[in-house]
Amino acid sequence: MDIVTAHDRPNTVAEAIEIQETLRGLVDRGDRCPQEIVTVTGLDVAYDEERGLIAAAAVTLEASGFRVVEKRTVVSGISFPYEPGLFAFRELPPLLDALRALEHTPDLLVCDGHGLAHPRRFGLACHVGVVTGLPAIGVGKTRFIGEHDEPGRERGARTPLVDDGEVVGAVVRTQDGVKPVYVSVGHKISLDNACRQVLRLCPAFRQPETTRLADRLCRDALKESL
DNA sequence: GCGACAG
DNA sequence: ATCTTGTCGC
């Protein structure tokens with residue numbers, strides 16, 4: 001797929017924050033998602049701090065049936081240190097390389113990290129969405145910011161994630177009794193629709209099928225690069 | 001000043 | 001993220 005927008009490569013933390021403050025205004029919180037999502041692409045990365053390598057994976061699935069349509073992985077050098085709130089600058093370069101390698105443009109992107117549920121309302125999912133111009137959802141495994149009540153134990157139960165008086169996401173139980181995931185808007189999709197999509201993508205496990213597949217792929221790519 | 005802190 | 005054994009539960 002084509003990615004027109006160039007991704008900024010900051011050299012300092014201050015520079016990275018400045019970029020986020022600028023790009024945050026480009027996030028589209030409206031529901032621009034196609035009524036019928038046909039394909040969904042999952043994104044994830046794996047690290048090898050020892051060798052300073054990062055592997056990224058982009059895997060596209062049919063929304064109904066979860067059949068794998070396309071998959072790409074890329075291994076490159078780590079270019080930015082881990083900094084809470086700024087890891088989009090670590091993961092975005094390889095993720096975009098993987099996305100660019102895809103032949104077809106998907107209807108939706110699912111990231112393993114937060115979107116608006118971020119200190120400056122511009123987490124990885126927002127960054128990915130803005131740069132690609134595609135609808136994007138952030139699905140985090142742990143809380144980053146915000147407060148929330150515990151959702152009911154049944155699959156589908158959800159409670160709002162609130163930060164500074166603003167609803168920045170939802171805490172969603174994707175399977176009965178499992179630890180909930182943190183869903184937030186990345187770009188061009190409403191929180192409600194994002195939750196619906198995430199639940200649809202979690203037919204049997206806590207995490208979306210897209211994320212599970214991408215996780216395996218980039219992990220394998222890292223091993224095979226030995 | 002003291003914790004907390006996505007992956 | 002990654003390092004890691006056994007172990008509780010279905």
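To find a chain, count down the sequence lines: A is the first, B the second, and so on, and within it residues start at 1.
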- For the pair made of CD1 in Ile145(A) and P in dC5(B), what is the distance, rounded to whole Å? 12 Å
- Query: dG7(B) P sits how many Å from Arg219(A) CZ, rounded?
  - Reply: 13 Å
- Atom CG of Leu86(A) and atom P of dA1(C): how far apart are they, to the nearest Å? 18 Å
- Message: We want to know whether Arg120(A) and Gln20(A) form a side-chain donor-acceptor pair, criterion being a heavy-atom distance below 3.5 angstrom.
- Response: yes
- Quick one: do the Thr41(A) and Thr60(A) side chains pair a donor with an acceptor below 3.5 Å? yes
- Query: What nucleic acid atoms does Asp48(A) come within less than 4.0 Å of, heavy atoms only: base, sugar-phosphate, or nothing?
  - Reply: nothing
- Can a side chain N or O of Lys141(A) be found less than 4.0 Å away from OP1 or OP2 on dA6(B)? no
- Message: Which nucleotide wins on minimum distance to the side chain of Tyr47(A), given the candidates dA6(B), dC5(B), dG7(B)?
- Response: dG7(B)
- Query: Which part of the nucleic acid, if any, lies within contact of Leu95(A), taking any heavy atom under 4.0 Å across all strands shown: a base, the sugar-phosphate backbone alone, or nothing?
  - Reply: nothing
- Query: Tell me: NE2 of His148(A) to P of dA6(B), nearest whole Å?
  - Reply: 13 Å
- Item | Atom-pair distance (NE2 on His127(A); P on dG7(B)), nearest Å | 18 Å
- Quickly work out the His114(A) NE2 to dG7(B) C1' distance and round it to whole Å. 10 Å
- Message: From CZ of Arg90(A) over to P of dA6(B), roughly how many Å is that when rounded to an integer?
- Response: 12 Å
- Message: As a test of reading the structure: which of dA6(B), dC5(B), dG7(B) is closest to the side chain of Arg143(A), going by heavy atoms?
- Response: dC5(B)
- Is Ala46(A) touching bases, backbone alone, or none of the nucleic acid, heavy atoms closer than 4.0 Å? sugar-phosphate
- Side chains of Ser64(A) and Arg200(A), donor plus acceptor under 3.5 Å: no
- Which distance, rounded to the nearest 0.5 Å, do you find between the OH of Tyr47(A) and the CZ of Arg219(A)? 13.0 Å
- When all nucleic acid strands are considered with a 4.0 Å heavy-atom cut-off, which category describes Leu124(A): base, sugar-phosphate, or nothing? base
- Message: At 4.0 Å (heavy atoms only), tell me whether Gly85(A) reaches a base, stays on the sugar-phosphate, or touches nothing.
- Response: base
- May I have the distance from Tyr82(A) (atom OH) to dG7(B) (atom P), rounded to whole angstrom? 7 Å
- Regarding Arg143(A) and the six-membered ring of Tyr182(A), is the cationic atom NZ or CZ under 6.0 Å from the ring centre and inside 45° of its axis? no
